[in-house]
Amino acid sequence: MAINTALHFGLLTLSIAGIATCQNNTSGLSKQVFAAIDSRNDQLRTVNREIWENPETAMEEVHAHEVLTSFLEDQGFTVTRSAFNLSTAFKAVYSNGEGRSVSFNAEYDALPGIGHACGHNLIATSSVAAAVGVKEALENQGVTGTVVVLGTPAEESIGGKIKMLDAGAYENLDCSIMAHPGNNAYGAWSRTLASWRANVTWTGKASHAALAPWQGQNALDGFVAAYQMTGLYRQQLMTTDRIHHIIKNTDNLVTNVIPDRVESEWGVRGTNRARQAVVIDQLNSIVEGSASGTNTTVFLTKVQDYWDQNPSFQLAKTYYNYLIEYFDPSKDESTSEFSISTPEQEYEDGGSPSASSDQGNVSWFLPSIQVGFPIGGTAPNHNAGFTKVAGTDFAHDQAITVSKVLALTALEVLQNATYAEAMKKEWEEMIAALQF
Ligand SMILES: *[C@@H]1O[C@H](CO)[C@@H](O)[C@H](O)[C@H]1NC(C)=O
Ligand SMILES: *[C@@H]1O[C@H](CO)[C@@H](O)[C@H](O)[C@H]1NC(C)=O
Ligand SMILES: *[C@@H]1O[C@H](CO)[C@@H](O)[C@H](O)[C@H]1NC(C)=O
Ligand SMILES: *[C@@H]1O[C@H](CO)[C@@H](O)[C@H](O)[C@H]1NC(C)=O
Ligand SMILES: *[C@@H]1O[C@H](CO)[C@@H](O)[C@H](O)[C@H]1NC(C)=O
Ligand SMILES: *[C@@H]1O[C@H](CO)[C@@H](O)[C@H](O)[C@H]1NC(C)=O
Ligand SMILES: *[C@@H]1O[C@H](CO)[C@@H](O)[C@H](O)[C@H]1NC(C)=O
Ligand SMILES: [Zn+2]
Ligand SMILES: [Zn+2]
């Protein structure tokens with residue numbers, strides 16, 4: 001509750017900052033930026049298709065890494081492959097000297113068994129396209145500064161961005177920008193839930209299930225007891241809390257042996273880390289109780305800790321304003337049925353956090369946005385139906401449109417010092433109000 005109040009206070013101060021207006025002649029600059037992106041559309045389509053057709057899971061994204069780094073090198077970026085001691089991470093830079101630095105995150109990991117069911121092929125495509133647009137402004141349109149693409153692996157598991165943050169990848173950058181596809185809504189100020197995952201393993205003692213069951217200690221009972229207690233606990237949860245579990249070593253379970261080992265993974269999400277900590281505390285008690293109540297032993301090891309995402313309100317407003325100015329979705333029949341809220345409405349709704357991302361951690365480190373864009377379909381993210389939609393021409397076109405708006409948003413940061421300072425100040429105030 002205290003945190004909710006703080007969050008609200010922090011954001012109220014944000015709305016004071018003025019709406020970004022056009023730089024010297026943004027319509028002239030935007031034309032050049034859009035043309036630069038459009039002229040590479042065939043290559044961008046190939047990049048997108050190569051990643052989508054060859055799905056690779058977390059830390060195995062070898063082909064995507066190759067396709068993206070080759071493309072960016074061809075485009076004149078200085079590329080570091082396997083950057084930050086991560087084999088499938090990269091950094092690509094174009095700079096014309098002094099000035100500020102903007103960055104785009106490219107994700108490209110798929111999900112086990114169902115391919116690009118989160119559409120990360122489109123994240124990679126929109127980010128490299130946006131970078132190409134910004135590079136055009138730097139190279140040929142008199143804008144000063146640096147554009148960076150960070151290739152960020154393993155969003156769906158260990159969180160490449162967190163390892164990259166620790167390795168200094170986000171030092172000396174003024175902002176971090178990216179986009180994520182979904183079904184049917186545009187979002188500019190999209191928050192995400194804090195996400196924590198742990199390996200939880202019960203061990204007992206195997207024994208013949210008929211001959212000597214009394215000599216066994218049933219690890220499955222440990223898991224089931226905890227699962228049941230979690231089910232009861234759900235009545236006390238808030239609507240924004242999430243708990244999920246899976247059993248991982250089912251191959252070892254057979255009916256005529258008392259199970260001596262059950263490996264599981266538990267996920268806990270909350271609208272912020274303070275709330276999440278309350279739920280995790282209770283789960284620790286549940287897990288301990290389940291072990292003592294079943295005469296088994298349990299170990300819990302944290303495997304993921306994504307913080308809640310708190311984007312820059314100023315960047316979100318700029319993104320939204322440029323989207324409406326150049327590509328108003330309500331004016332195009334292919335996009336008019338999708339929903340769109342103003343950043344002010346999103347803020348009133350608390351950013352509607354639902355999923356989670358390692359971009360959450362990034363958002364605590366520097367001003368950032370992760371905008372949402374619709375690609376249609378009814379199958380949700382992480383369903384094989386979404387994989388199909390993520391491979392369509394329409395989805396590609398949406399990623400390209402979004403990339404243009406991302407590029408203009410980044411150019412505002414590069415071109416306007418007053419804007420960049422206001423963005424930083426607003427973000428610092430928001431983060432200070434969020435600390436607990
Ligand atoms: C801005 O640039 C566009 C395209 O280059 C040009 O047509 C327009 O006249 C310019 N506007 C101003 C106010 O200079
Ligand atoms: C790089 O990562 C490997 C493991 O993948 C680790 O053993 C090594 O210490 C790391 N090196 C640095 C410089 O962090
Ligand atoms: C915009 O105008 C300012 C001041 O007139 C100038 O310093 C800056 O270089 C211009 N930027 C571009 C992109 O032309
Ligand atoms: C736990 O299981 C072991 C092994 O079967 C047994 O020796 C012990 O008495 C059991 N403890 C309780 C409290 O049931
Ligand atoms: C969690 O369990 C998986 C196996 O299911 C293992 O690969 C991973 O290393 C474990 N993580 C930690 C932090 O123990
Ligand atoms: C991000 O995540 C790690 C844990 O994975 C955490 O320890 C760290 O403090 C988080 N926050 C930031 C801003 O990096
Ligand atoms: C620069 O940004 C400030 C703050 O957002 C804004 O008031 C001003 O109009 C912008 N200047 C230009 C030239 O766009
Ligand atoms: Zn996902
Ligand atoms: Zn995703």
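Just so you know, ligand 1 is whichever comes first in the structure, and atom 1 is the first atom listed for that ligand. Start at 1 with the first residue, then count along the sequence.
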Under 3.5 Å donor-acceptor pairs involving side-chain atoms of residues 97-104, not counting sequence neighbours:
| unit_1 | atom_1 | unit_2 | atom_2 | d |
| --- | --- | --- | --- | --- |
| Arg100 | NE | Val413 | O | 2.6 |
| Arg100 | NH2 | Leu414 | O | 2.9 |
| Ser103 | OG | Cys175 | O | 2.8 |

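At least one N, O or S atom of Glu156, from either the backbone or the side chain, sits less than 2.8 Å from the Zn ion (ligand 8).
Comment: Glu426 does not engage Lys424 in a salt bridge, judged by the lack of any side-chain N to carboxylate O separation of less than 4.0 angstrom.
Geometry note: the Zn ion (ligand 9) is the vertex, His180 NE2 and His120 NE2 are the arms, and the angle is 110° (rounded to 10 degrees).
With 3.5 Å as the limit, one finds no donor-acceptor pair spanning the side chains of Thr57 and Asp109.
In this structure, Arg273 fails the cation-pi test against Trp196, since its NZ or CZ atom is not both closer than 6.0 Å to the six-membered ring centre and inside 45 degrees of the ring normal.
Counting only residues at least two apart or on different chains, the ring-ring contact (aromatic ring centres under 6.0 Å, His included) pairs with a member in residues 158-187 are His120-His180.
Near Tyr419, meaning under 4.0 Å from one of its heavy atoms, ligand 7 places the atoms 2 (O), 5 (O). Counting the atoms of ligand 7 from 1 in the order shown, those under 4.0 Å from a heavy atom of Asn416 are 1 (C), 2 (O), 3 (C), 8 (C), 10 (C), 11 (N), 12 (C), 14 (O).
Of the N or O atoms in Glu412, none lie within a sub-3.5 Å distance of an N or O in ligand 7.
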